[in-house]
Structures are given as structure tokens and as C-alpha cells.
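Chain A is the first sequence line, chain B the second, and so forth, proteins listed ahead of strands; every chain is numbered from 1. It should be emphasised that the depicted structure is a prediction, and the values quoted were computed from it without experimental measurement.
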Amino acid sequence: MRMSNLYLPTLKETPAEAEVPSHQLMLRAGLMRTLTAGVYTYLPLGWRVIRKVEEIVRQAMDESGAQELLMPVIHTAELWKESGRWEQFGPQMIKFQDRKGRDYCLGPTHEEVVTALVRGEIRSYKDLPLNLYQIQTKVRDEIRPRFGVMRGREFIMKDAYSFDRDYEGLDKSYRAMYDAYMKAFSGCGLEVRAVEADTGAMGGSESHEFMVLAEVGEDRIAFCDSCSYAANVEKAVAGEMGSTGSEEMKELEEVHTPGQKTIEEVTEFLGVEPARTIKSLALLADGEPVLVLIAGDDQLNEVKLANYLGANELTAVDDEDFDKYYHSTAGFIGPVGMEGVRILADLRVRDIVNGVTGANKTDYHLINVNPERDFTVEDYLDLRIVKDGDPCPKCGGRLEIKSGIEVGHIFKLGTRYSESMGATYLDENGKEQLIVMGSYGIGISRLVAAAIEQNHDEKGIIWPKVIAPYQVIILALGEDEEVVKVSEELYRELAARGVETLLDDRKERPGVKFNDADLIGIPLRITIGARSLKNNLIEARVRRTGEEMQIGLEESVERIIEILDRIE
RNA sequence: CGGAGCGUGGCGCAGUUUGGUAGCGCACCUGUUUUGGGAACAGGGGGUCGAAGGUUCAAAUCCUUUCGCUCCGACCA
């Protein structure tokens, strides 16, 4: 492609709306433009990258035996009501009506549509297993779109759905997808780690996320430093923490703690360590009041709590509900004597001896509180967020917390959709059985952003060769006739050899060309200028390493292909 | 949904406190000179100051409403 003809509006300055490197660079390097928050146009260069990624993913999917199709963006409300997700996914969906007043939504995901498709066609066990996938734009009305294409309201996703006769088959399909995903991500030149994950709104049992480690990641992941354990903190559990010791229980006592409300204030005031305090959180789970107890130095894992309660939504209690349900006083709430609400506690709370809690009385706390002796709870369960340094649940090693960008997610759905939507087949005995499903997603557009987060410097993007929009950029410096001639020839010869090449034939000064080449991140830059051409030489520079080479004119095409072969 | 900040030419910003009829840098157009890391000079085009309403002789500036964008939060009662 000749850059004199390319629609490539690069920006010298960073647009004010962009905060993270990938967002800034995608705008600056002319990969995309914003229409509105979380909605973007991909420009020619950006679209090429998207297509490269799609192609790598497509190949991995096809190799795994999955088949590509394309489903609609417009979904009917009936379909989503069948699965029960019209309400559940609710506000995340863009809903609308046609002229006749019929309800629709724009597809945020396609479990409903595939299930409806397949239930009409699959009759026999002989039709299974089956894996169908598509690469398509998804629409979700995110609460808060951010970081450019990283969390958009419209994004390109590869989604696949597997259909099996039984759970054994599902295990196989799931494993095949897991392997295909690892292949796809490394095929894109990305470092990705698979971690155990919560299943969230999709439902189902087992689930893994594929994470690109990056500072700006929205997810936090716990890794063991000595074994392979890795899990999203939403899901991660710590190993045995050990109890606080074998201290004797002392007599319950009320102490005056004027104005000391937070854990920090109370521990300082009373001179006790936070681990010995019991933090009491008043919450509404789908409107039902719950008191949750966790150790003072821990944080509540809402996902674990919501899963246990089967609740859709957890909200903090407002003043009115606080008075109505808890009969306590803000800042001094505690489980002792609490009645009429469910009380749940984290496992660590059970081990607290002579702890501290609010006394349900303004400006008073209780000390020497002992679980079971002084209060009882409905259940003790794991409700905390794991912390850096916690013991690994598998091997006892140390857990480390890092940020990651979720670029892929696979789920064992089971019969969640086949059951609610009636997708069945007949087995060998002529008996009707539910199809067992799995669902598998890759965020194509997000993956591009993640790749940039992982591969950039202060000058711009450094594309992994496999997803670079072009492999080589030829900078023709100046309007010297010989320079133009040599550049054109090299450009044609590289193209003839199948090398995707940009020719910077714009009437720009050298500095502009150098800077744009760095910004758009083409892996190999070839500079042709009158100066070195006098000696029959051109110059090559590897974007990632900065390595520079002089190349003899005669052997240039071969040398360039050679260099390309060995860079990443 | 709560809090904070911001909307002024394509981009980045100043001007708003104290009302007087819009400015800087980049980009763009023309010409001349330049040409190996974002050129110099000269000339030029482009803005209903997010929108609507109000106050005023006069509004980018004050008041009201509204829309949009960004960030933080929506566990620690």
C-alpha cells in the first residue's frame, strides 16, 4: 500500500479522552476513531489488525473441528424470555421495538439464538457432538464503558457453542476449546494465562478465563508462586490460614468507643490488631437483609456471597432499610443479639478468639466476643477476597495478585439453556435427553488492545509480526530520482514475494516518516535515502529491538525476507 | 445510580473568577526556501464558544434546564 493513498490520520497529540496506552495509541496511530463512548470506527489500519487476529482465531477454531456460521444481531424478546434472561441480563441489553411494538434486543451474546437454532435440527445422538462459532459484533449497554476498545458497548467477539450428549462429551469439547484458545493466543504473539473463573451471568459449572497480564487490566488474578494454581480473585480461595491461637475465652465486655466507627479507628482506639475484629456488613440481597461477618483485615467477595445466596444483586443498605431491618446504629453494628436477619460469616471469623464487634449501640463496641458462645450464624463459608501472600489452596505456596485483561472465557454451561429452551435429542434407546452445552468467547477487539498494552514503548506500538497490519514499511526519503526508483522497485518486488509492505511515498520530511513508522509499529523499517544509496546500500531497522543493518542493494529482497523470518 | 471534573475551529488548550462581541500551538490551503528524527518565512481559510431558555444596552463569561465526554465509587454501616 502506498501511504500517499492510505487513509491513515495519525495524531501528534494525545486526545484528552484517552487514559490508557492502548486507547491513546489506537487513536494516535490512526487505527480507529470514536463515535461515542464505547463505540468506535475501525480505520483501514486498525481493521487490518482486527482481520489478522480474526484469521488466527478462525484457523484455531476450524482446526479444532468447530464450524463457522453467522447469527443475527437482532434478537426477539421471546427468545430471551424463554431462557429467563430478558430480566436477568436486563439493563445490559439495548432493547427496542419495531413499528408494530414488538420487543427486541441487540445480541449481547448468543446462547439463546444458537440453542433455538439447534433444537430445531438436532434430533439424534448421531448429530452430536457439534461445535458452532461465529465472529460478530456484540452489543452491551455497559454501565461504564472505558479504556477504549477494552470495554466498549459494541465489540467484536468470537463466540462458540458446543453441543454434546453428556458431561463426558462436554469435558472433551471444553478441553478442545481450551487447547484451541491457547493456540490462538500464542498464535497472536500474546502471553496469556488461563485462570479459574466464576461463571457469572452465563450460568454453568466449570469456567476458565484467559488473561493477558497488564497493569491496566480490570481483573485481578491470584497466582501461586510454586504450583500452577491461578484463579480470578472473584473465585480464588486461600489455603488453611491457621487459627489465632489457643487463648482462653474471656468474659464479654462492653466498652465505650466514642465516635470510633471504622475498623481502622476502632483497632487504633482499642489497641487490637484488625484480624481480631469482626467486620459486620449490612447488605440487601435482592431486597432481603443479610448481615455478613468477615475478619477486620479482609474484604468481602461479593461474587462468592451472591453465588451462595443465589442472589442477582447485592446492594448496600440505605438509612431507611437499616433502621427497618437491623435495629442497630450505623458504625456500631454487630452480630451479638442481632435478630430477624440472616447472618453469614467467613471461615476466618470462626477462628477469632476474644474478638471485637459493634455493640449495636451508639459509641459502644463489644470486646472478648467469641463466635458460637456469643452469637450464632446460619453458616460459615469462604467469603473473603484472597490477598497477596495468602497460602495457595493446592500446595500451600504463596499467592500473588496481579492485574489482567480478560481476552477469552470458556464455560461449561451444562443443560441451563437446553432445559429452559427445550433442546433435546434421542439417545440409542429412543429416550429423549437434554443436550449438554458449553460456551466459549474471545474478545477480538479487546485482544487487539491487550496486544498493544503488552507491546508498546514511548514512541508507539510494537506489533507482534503475526498481527501487524503490514510487515515492512519502506521510507523513501526525499524526492531524489534514484531514491524514488529504488523504493518503487523494492516495493514491487516485496509485494511479488507476498510480503505485506507499506511504501511511504508521501511528500513529508524524513522526521515525520520516521515518527509515523514508529507510531504505527510496523515490525521492520527499510530506509532508502540518497546518502547511503550512493554506496548501493539501504538500511533496515527492527522496531522491537532497534537493531540496525546496512543491506546491499543487490541482495535486498532476500535479506529483508531473511530478517523478517527471524523477528517476532 | 452516587460523587468529581470537563465541553471554546480537525486535535491540544487559554480566555469564564471581575460580562464589552474570541485567541494560542498543531493540523489545513497558497507561495518561496528547505529536506536523514515531527522545517522556516510570508500570506490565507475555518469557530451559532455542547444545546435550550433566562438576566442584561451587551453573555464563551451570570442564572436555570438539558445533553454529551472523562475519572472515581457503587464492600468496610
Side-chain angles (χ1 to χ4, degrees), chain A residues 9-20 23-24 27-28 30 33-39 91 143-148 233-234 260-267 274 277-285 289-306 313-323 325-335 338 341 346 357-358 360 362 365 383-385 459-460 475-480 483 504 506-519 525 527-534 537-539 541 548:
Chain A
T10 56
L11 265 26
K12 207 182 288 188
E13 288 173 285
T14 304
E17 81 228 30
E19 292 277 320
V20 301
H23 188 191
Q24 294 176 344
L27 294 169
R28 285 228 296 137
R33 285 293 178 263
T34 312
L35 177 63
T36 181
V39 181
I143 307 181
R144 187 172 160 207
R146 74 178 120 178
F147 302 156
V233 291
E234 290 179 347
Q260 313 295 310
K261 294 189 176 188
T262 66
I263 291 290
E264 203 175 61
E265 288 163 356
V266 172
T267 51
T277 62
I278 300 171
K279 187 155 57 177
S280 307
L281 310 177
L283 298 169
L284 293 183
V290 185
L291 188 70
V292 181
L293 311 179
I294 55 176
D297 58 344
D298 276 339
Q299 302 202 323
L300 173 65
N301 187 323
E302 289 194 45
V303 174
K304 290 176 182 174
L305 179 63
E313 193 188 26
L314 292 174
T315 45
V317 173
D318 61 26
D319 292 345
E320 193 182 320
D321 284 333
F322 189 84
D323 293 339
Y325 295 119
Y326 294 90
H327 314 292
S328 181
T329 170
F332 301 93
I333 189 169
M338 177 69 57
V341 298
D346 179 67
T357 75
N360 295 320
T362 303
H365 278 79
L383 285 175
R384 60 190 288 274
I385 294 179
K459 287 179 166 297
L475 304 192
L477 300 189
E479 282 162 69
D480 179 276
V483 166
D504 196 346
R506 296 175 300 172
K507 302 216 178 317
E508 291 287 355
R509 300 172 64 82
V512 174
K513 296 189 177 188
F514 286 129
N515 282 303
D516 272 350
D518 287 342
L519 178 61
R525 184 183 85 194
T527 307
I528 300 177
R531 209 162 67 186
S532 51
L533 211 51
K534 276 191 210 125
L537 290 172
I538 60 176
E539 294 146 56
R541 182 189 171 99
E548 297 198 23

P gap between B:rA52 and B:rG15, integer Å:
25 Å
Take A:T10 and A:D516 through the side-chain contact (heavy atoms from CB on, under 4.5 Å) test and state the conclusion after the steps.
CA-CA 7 Å; A:T10 56; A:D516 272 350; 3.1 Å; yes
Among B:rC13, B:rG68, B:rA77, the one nearest any side-chain atom of A:T262 is B:rA77
I need the CZ-C1' distance between A:F147 and B:rC72, as an integer number of Å.
11 Å
Given that both distances must come in under 3.5 Å, which nucleotide forms a Watson-Crick or G-U wobble pair with B:rA27?
none
Residue whose nearest RNA chain B nucleotide is more 5′ - A:T14 or A:T36
A:T14
Identify the two heavy atoms, one from A:I333 and one from A:A282, that lie closest to each other, and give their separation to 0.1 Å.
CD1-CB, 4.1 Å
Heavy-atom nearest nucleotide on RNA chain B for A:L283 versus A:P145: which residue maps closer to 5'?
A:P145
Length of the CD-P vector between A:E17 and B:rG10, whole Å:
15 Å
Could you measure between the two P atoms, the one in B:rU64 and the one in B:rU17, and give it in whole Å?
15 Å
Any donor-acceptor pair under 3.5 Å from A:D480 side chain to A:G529 backbone
no
Taking OP1 and OP2 of B:rC72, is either one under 4.0 Å from a side-chain nitrogen or oxygen of A:R146?
yes
Between C1' of B:rA77 and CE of A:M338, the distance in whole Å
10 Å
Any strand, both distances under 3.5 Å, Watson-Crick or G-U wobble: B:rA39 pairs with B:rU33
Considering only the P atoms, how many Å lie between B:rA59 and B:rG54, rounded to the nearest integer?
12 Å
Quick one: closest heavy-atom pair of A:K513 and A:R506, and the distance?
NZ-O, 2.9 Å
May I have the step-by-step check of salt bridge (Lys or Arg N to Asp or Glu O under 4.0 Å) for A:K279 and A:D297, ending in yes or no?
CA-CA 8 Å; A:K279 187 155 57 177; A:D297 58 344; over 6 Å; no
With C1' as the reference atom in both, quote the distance from B:rC62 to B:rG20 in angstrom, rounded to an integer.
14 Å
Side-chain N or O of A:S280 less than 4.0 angstrom from OP1 or OP2 on B:rC76?
no
Can you check the distance between B:rU18 and B:rA22, where both ends of the measurement are the P atom (answer in whole Å)?
23 Å
Send over the distance from A:E19 CD to B:rA4 P, rounded to a whole Å.
19 Å
Remember a base hit wins even if backbone is also touched, and classify A:R33 as base, sugar-phosphate or nothing at under 4.0 Å, heavy atoms.
nothing
Considering Watson-Crick and G-U wobble pairs with both distances under 3.5 Å, what does B:rG68 pair with?
B:rC6
Which whole-number value in Å describes the distance from A:H365 NE2 to B:rC76 C1'?
12 Å
Looking only at non-hydrogen atoms, find the nearest pair between A:L300 and A:I385 and report the distance.
O-CD1, 3.4 Å
Counting N and O atoms only, with roles assigned by atom type, does the side chain of A:R146 sit under 3.5 Å from a partner on the main chain of A:G38, one being a donor and the other an acceptor?
no
In whole Å, measure the gap between the P atoms of B:rG12 and B:rU21 for me.
27 Å
Between atom CZ in A:R144 and atom P in B:rG73, what is the gap in whole Å?
7 Å
A:A37 side chain: which of B:rU70, B:rA77, B:rC11 is closest?
B:rU70
Paired with B:rC76 by Watson-Crick or G-U wobble geometry, both distances under 3.5 Å: which nucleotide is it?
none
Could you tell me the Watson-Crick or G-U partner of B:rU56, where both distances fall under 3.5 Å? Say none if there is no partner.
none
B:rG19 -> Watson-Crick or G-U wobble partner, both distances under 3.5 Å, gives none
Expressed in whole Å, how much space separates the C1' atoms belonging to B:rG25 and B:rA14?
11 Å
Quick one: label A:I143 by what it contacts on the DNA or RNA (base, sugar-phosphate, nothing), any heavy atom closer than 4.0 Å.
base
Integer angstrom distance from the C1' of B:rU65 to that of B:rC71:
25 Å
Any residue meeting salt bridge (charged side-chain N to carboxylate O under 4.0 Å, His left out) with A:E548, in chain and number order, not counting sequence neighbours:
A:R541
Distance, rounded to the nearest Å, where A:L27 contributes CG and B:rA27 contributes P
19 Å
Using whole Å, what does the distance between atom P of nucleotide B:rC24 and atom CD of A:E13 come to?
16 Å
Watson-Crick or G-U counterpart of B:rU61, or none if no pair lies under 3.5 Å
none
Minimum heavy-atom separation for A:K459 to A:N515, with atom names?
NZ-OD1, 4.2 Å
Measure from the side-chain N and O atoms of A:D346 to the backbone N and O of A:L383, and report whether any donor-acceptor pair falls under 3.5 Å.
yes
What does the B/S/- profile of nucleotides 28-47 of chain B look like, 5' to 3', with a 4.0 Å heavy-atom cutoff to protein?
------B-BBBB--------
G-U wobble or Watson-Crick pairing nucleotide for B:rC49 (cut-off 3.5 Å, both distances):
none
